[in-house]
Amino acid sequence: MSSQIVDRFGRPHSYLRISLTDRCNLRCFYCMPEDGIELMEKPSIMTLEEIIGIAKSFNDLGVDTIRLTGGEPLIRKNFEYLIQELANLGVTLKLTTNGILLDRFLDLFDSIGLRKINISLDTLDKAKSVFITKRDYYDRIMNNIQSASDRNFHIKLNVVLIKGVNEAEINDFIALTKDQNIDIKFIEFMPFKGNKWDWSKGVSQEEIRSTVGQKFGEVLPLDNPKHSTSVNFKVAGHQGTFGIVSTITNPFCSDCNRIRLTADGKMKNCLFANSETDLLTSFRAGNDIRDLILNSIQSKKYSRDGMELKMDSDHYENNRSMTSIGG
Ligand code: SAM
Ligand code: SF4
């Protein structure tokens, strides 16, 4: 069934990213503002039953893929129950995690058929990891990545590149793809409330490609799956691949099929959307929320919530921080 959630530009939306919590066990500086965030009050956060009910309304309208994210999704209490119930909806489930608690859930993921996991890992250097995340979990994360890989989970590593921090590691990440079927997703640094974004610190799609080409020679472009947010490549002879999410230098909005739901039950029709639709209040009042969803998608702008030509601080400083949107 194709999705009924179609915007003014004819784009059907079939992919929902649900933030399970705004809490996190890391403090990545590009995501979490230095002074922390004002955490959501517990009663304003969707209960597990509410998440399942709201997800069902999206599914009724044709959403067939749900990614669980956060904050850190694996710290959500009774995560096991939630993911099993979501699996029962028959949707394709995906997960983005920082990997700290991954070992506790691998059996469960096996049993529900969740085989692809995105793990955020910005550096292969322990000291740098402590600098970026403000916490010391590097060894645990690396062990968990190894365990998941040994059990043949398909791992994608999300790497946000920032000049002066980790841009010199681009080719170290690519080296991991030589003998392992692992995918690297380089992400251009994006602006959100309080993250002191400045594009002079960003590393562009072009720079990444040429850095890899200079070291490894032939870089083969791959077919990009429909709705892909990354342009994908492979170094000739390598088992794994790499992709680049070029939200800043080459946005992929024309084919966007994504919707976001924050942990407090607000629908965002774009990652950069400042306006939100409160689904939770209506759901709690016992209403059918499907019209709210359909109406919200009608106000979706073509690209980056109207920041088509450049990122505008008056705009993104009025958005949430990434940790409370759900990346
Ligand atoms: N805690 C989980 C994790 O880190 O994977 C899930 C939530 S996190 C917000 C989701 C993704 O957003 C991560 O891969 C993270 O690197 C990315 N992200 C956060 N802030 C970003 C920024 N300013 N620019 C680009 N990507 C960002
Ligand atoms: Fe937490 Fe993920 Fe944000 Fe890092 S990127 S602070 S792990 S939510």
Side-chain angles (χ1 to χ4, degrees), residues 17-37 39-40 66-76 79 94-102 105 116-123 128-138 140-141 144-145 148 155-163 165-167 169 173 183-199 201-205 208 229-230 243-249 251-252 258 260-263 268 271-272 304 307 311 313 316-317 319-327:
R17 300 168 84 106
I18 306 180
S19 172
L20 301 188
T21 175
D22 60 342
R23 272 81 169 159
C24 189
N25 38 9
L26 294 183
R27 293 283 177 278
C28 307
F29 71 84
Y30 53 77
C31 175
M32 182 84 78
E34 214 164 44
D35 304 331
I37 57 164
L39 291 172
M40 294 169 189
I66 294 180
R67 178 175 294 278
L68 301 178
T69 178
E72 174 48 38
L74 298 185
I75 63 175
R76 181 76 199 234
F79 174 84
K94 300 185 175 188
L95 174 76
T96 304
T97 173
N98 60 29
I100 295 173
L101 299 175
L102 195 56
F105 299 100
K116 291 185 181 172
I117 305 174
N118 285 27
I119 304 174
S120 300
L121 184 76
D122 299 311
T123 178
K128 219 182 274 180
S129 165
V130 174
F131 168 75
I132 294 171
T133 66
K134 313 273 191 295
R135 297 288 183 273
D136 185 3
Y137 283 114
Y138 180 77
R140 191 155 155 184
I141 294 168
N144 284 346
I145 292 173
I155 305 294
K156 192 175 269 187
L157 296 182
N158 286 0
V159 185
V160 179
L161 287 172
I162 300 190
K163 282 206 176 103
V165 178
N166 60 351
E167 93 275 25
E169 293 190 62
F173 278 102
D183 298 333
I184 309 296
K185 187 161 83 167
F186 295 115
I187 306 175
E188 288 182 350
F189 179 31
M190 296 180 233
F192 298 97
K193 184 178 182 161
N195 78 343
K196 301 194 178 143
W197 182 81
D198 170 356
W199 182 239
K201 297 184 219 157
V203 185
S204 71
Q205 176 181 358
I208 298 166
T229 54
S230 53
I244 306 171
V245 180
S246 52
T247 313
I248 305 301
T249 63
F252 36 79
R258 286 157 165 75
R260 288 181 157 78
L261 180 65
T262 61
K268 280 171 106 65
L271 176 59
F272 296 106
R304 300 190 305 204
M307 294 185 288
M311 307 311 278
S313 59
Y316 62 72
E317 284 294 343
N319 195 355
R320 301 179 183 222
S321 62
M322 181 63 133
T323 185
S324 65
I325 299 172

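In each ligand, atom 1 is the first atom listed, and ligand 1 is the first ligand listed.
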More than 12 heavy atoms of other residues, nucleotides or ligands under 6.0 Å from NZ of Lys193: is that the case? no

Taken to the nearest 0.5 Å, the spacing of Thr247 OG1 from Ile187 CD1 works out to 8.0 Å

Sequence neighbours excluded, the answer for side chain to side chain contact (heavy atoms under 4.5 Å, CB included) partners of Lys134 is Arg27, Phe29

Would you compute the distance between atom CD1 of Ile162 and atom SG of Cys28 and round it to the nearest 0.5 angstrom? 9.5 Å

Ignoring waters, how many protein N/O/S atoms are under 2.8 Å from atom 3 (Fe) of ligand 2? 1

Just the distances, no angles: every ligand 1 N or O to protein N or O pair closer than 3.5 Å, one line each.
from     : atom 1 : to     : atom 2 : distance (Å)
ligand 1 : 1 (N)  : Gly71  : O      : 3.0
ligand 1 : 1 (N)  : Glu72  : OE1    : 3.2
ligand 1 : 4 (O)  : Ser120 : OG     : 3.1
ligand 1 : 5 (O)  : Thr97  : O      : 3.2
ligand 1 : 5 (O)  : Ser120 : OG     : 2.5
ligand 1 : 14 (O) : Ser120 : OG     : 2.8
ligand 1 : 14 (O) : Asn158 : ND2    : 3.0
ligand 1 : 16 (O) : Tyr30  : OH     : 3.3
ligand 1 : 23 (N) : Tyr30  : O      : 3.0
ligand 1 : 23 (N) : Met190 : O      : 2.9
ligand 1 : 23 (N) : Asn195 : ND2    : 3.2
ligand 1 : 24 (N) : Met190 : N      : 3.0

Looking only at the aromatic ring of each residue, does the gap between the centers of Phe272 and Phe192 stay below 6.0 angstrom? yes

N/O donor-acceptor pairs under 3.5 Å from side chains in residues 19-26, not counting sequence neighbours:
from  : atom 1 : to    : atom 2 : distance (Å)
Ser19 : OG     : Thr21 : O      : 3.3
Thr21 : OG1    : Arg23 : N      : 2.9
Asp22 : OD2    : Met40 : N      : 2.8
Arg23 : NH1    : Met40 : O      : 2.9
Arg23 : NH2    : Met40 : O      : 3.2
Asn25 : OD1    : Asn98 : ND2    : 2.8

Are a donor atom and an acceptor atom from the side chains of Tyr30 and Asp122 found within less than 3.5 Å of each other? yes

Donor-acceptor pair between Glu188 and Ser204 side chains, under 3.5 angstrom: no

Report the distance from atom CG of Asp136 to atom OG of Ser129, rounding to the nearest 0.5 Å. 7.5 Å

